[in-house]
Amino acid sequence: QVQLVESGGGLVQPGGSLRLSCAASGSISSINAMAWYRQAPGKERELVARITSGGGTAYSDSLKGRFTISRDNAWNTVYLQMNSLKPEDTAVYYCNVRYIRFSRQYEHWGQGTQVTVSS
């Protein structure tokens, strides 16, 4: 079974930085895309950033210039570098993968990692 394990979250002061990691494992024929989402208290889950197998990236407009998504060459791990963090960035951050197995497309979510930005 596919597994996604997020790490790197924690408590950070405004203006600080964190790097989130998402390690993927399991039976996957081909990954189409990996992404980071977040969900703040009382709000819907929203897309933060996405990276495709071809290397293309997309970001939420409000996060451009502060957050960067990347992956290793083997697609084992996807990262989210978070700089200049603000209190409104406080949320649970989730890793997401879209992949192909036996010629069918699937989607899987990690359990999430808490990011708290507070002084």
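Please read these numbers as outputs of a predicted model, since none were measured by experiment.
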Verify side chain to side chain contact (heavy atoms under 4.5 Å, CB included) between L63 and R38, making sure each step is shown before the conclusion.
CA-CA 12 Å; L63 301 178; R38 69 183 184 184; 4.1 Å; yes
Step-by-step side chain to side chain contact (heavy atoms under 4.5 Å, CB included) determination, T113 to V92
CA-CA 5 Å; T113 184; V92 177; over 6 Å; no
When you compare the side chain of T68 with that of L80, does any pair of heavy atoms fall below 4.5 Å?
no
Those residues that, when tested against Q114, pass side-chain hydrogen bond (donor to acceptor under 3.5 Å, both in side chains) (two or more places apart)
T116
Step through the shown structure and confirm whether more than 12 heavy atoms of other residues, nucleotides or ligands are within 6.0 Å of CD on E46.
yes
About how many Å separate CZ of R50 and OG of S60, when rounded to the nearest 0.5 Å?
13.0 Å
Apply side-chain hydrogen bond (donor to acceptor under 3.5 Å, both in side chains) to Q105 and list each qualifying residue two or more places apart in sequence or on a separate chain.
N32
Test: disulfide (SG to SG under 2.5 Å). Region: residues 46-85. Which pairs qualify, not counting sequence neighbours?
none
For V2, is there any backbone N or O sitting under 3.5 Å from a side-chain donor or acceptor partner on H108?
yes
Would a 4.5 Å heavy-atom cut-off, applied to side chains only, mark P87 and P14 as touching?
yes
To the closest 0.5 Å, what do you measure between OG (S119) and CG (L11)?
9.5 Å
Which pairs, with at least one residue in residues 82-106 and sequence neighbours excluded, count as a ring-ring contact (aromatic ring centres under 6.0 Å, His included)?
Y99-Y106
Sequence neighbours left out, what pairs pass ring-ring contact (aromatic ring centres under 6.0 Å, His included) with at least one residue falling in residues 9-32?
none
May I have all residue pairs that pass disulfide (SG to SG under 2.5 Å) and include part of residues 5-119, sequence neighbours excluded?
C22-C95
Test item: E6 side-chain N/O and G112 main-chain N/O as donor-acceptor pair under 3.5 Å
yes
Measuring from atom CG of L20 to atom CE of M82, what distance do you get when rounded to the nearest 0.5 angstrom?
5.0 Å
Scan for side chain to side chain donor-acceptor pair (under 3.5 Å) pairs involving residues 76-87, sequence neighbours excluded, and state none if there are none.
S17-N83, Q81-N83
Give me each pair satisfying ring-ring contact (aromatic ring centres under 6.0 Å, His included) with a member in residues 10-59, each pair once, sequence neighbours excluded.
Y37-W109
Could you go step by step and tell me if V117 and E88 meet the side chain to side chain contact (heavy atoms under 4.5 Å, CB included) rule?
CA-CA 8 Å; V117 184; E88 52 263 42; over 6 Å; no
To the nearest 0.5 angstrom, please state how far the CG atom of N96 sits from the CG atom of L47.
8.5 Å
Partners meeting side-chain hydrogen bond (donor to acceptor under 3.5 Å, both in side chains) with R98 (sequence neighbours left out):
E107
Using the test side-chain hydrogen bond (donor to acceptor under 3.5 Å, both in side chains), find all partners of R66 that sit at least two apart in sequence or belong to another chain.
D89
Run the side-chain contact (heavy atoms from CB on, under 4.5 Å) test against A40 and tell me which residues pass, sequence neighbours left out.
K43, A91
With R101, which residues qualify under salt bridge (Lys or Arg N to Asp or Glu O under 4.0 Å), at least two apart?
none
Contact between T90 and V115 at the side-chain level, heavy atoms closer than 4.5 Å - yes or no?
no
How long is the straight-line distance from OG1 of T57 back to CZ of R71, given to the nearest 0.5 Å?
11.0 Å
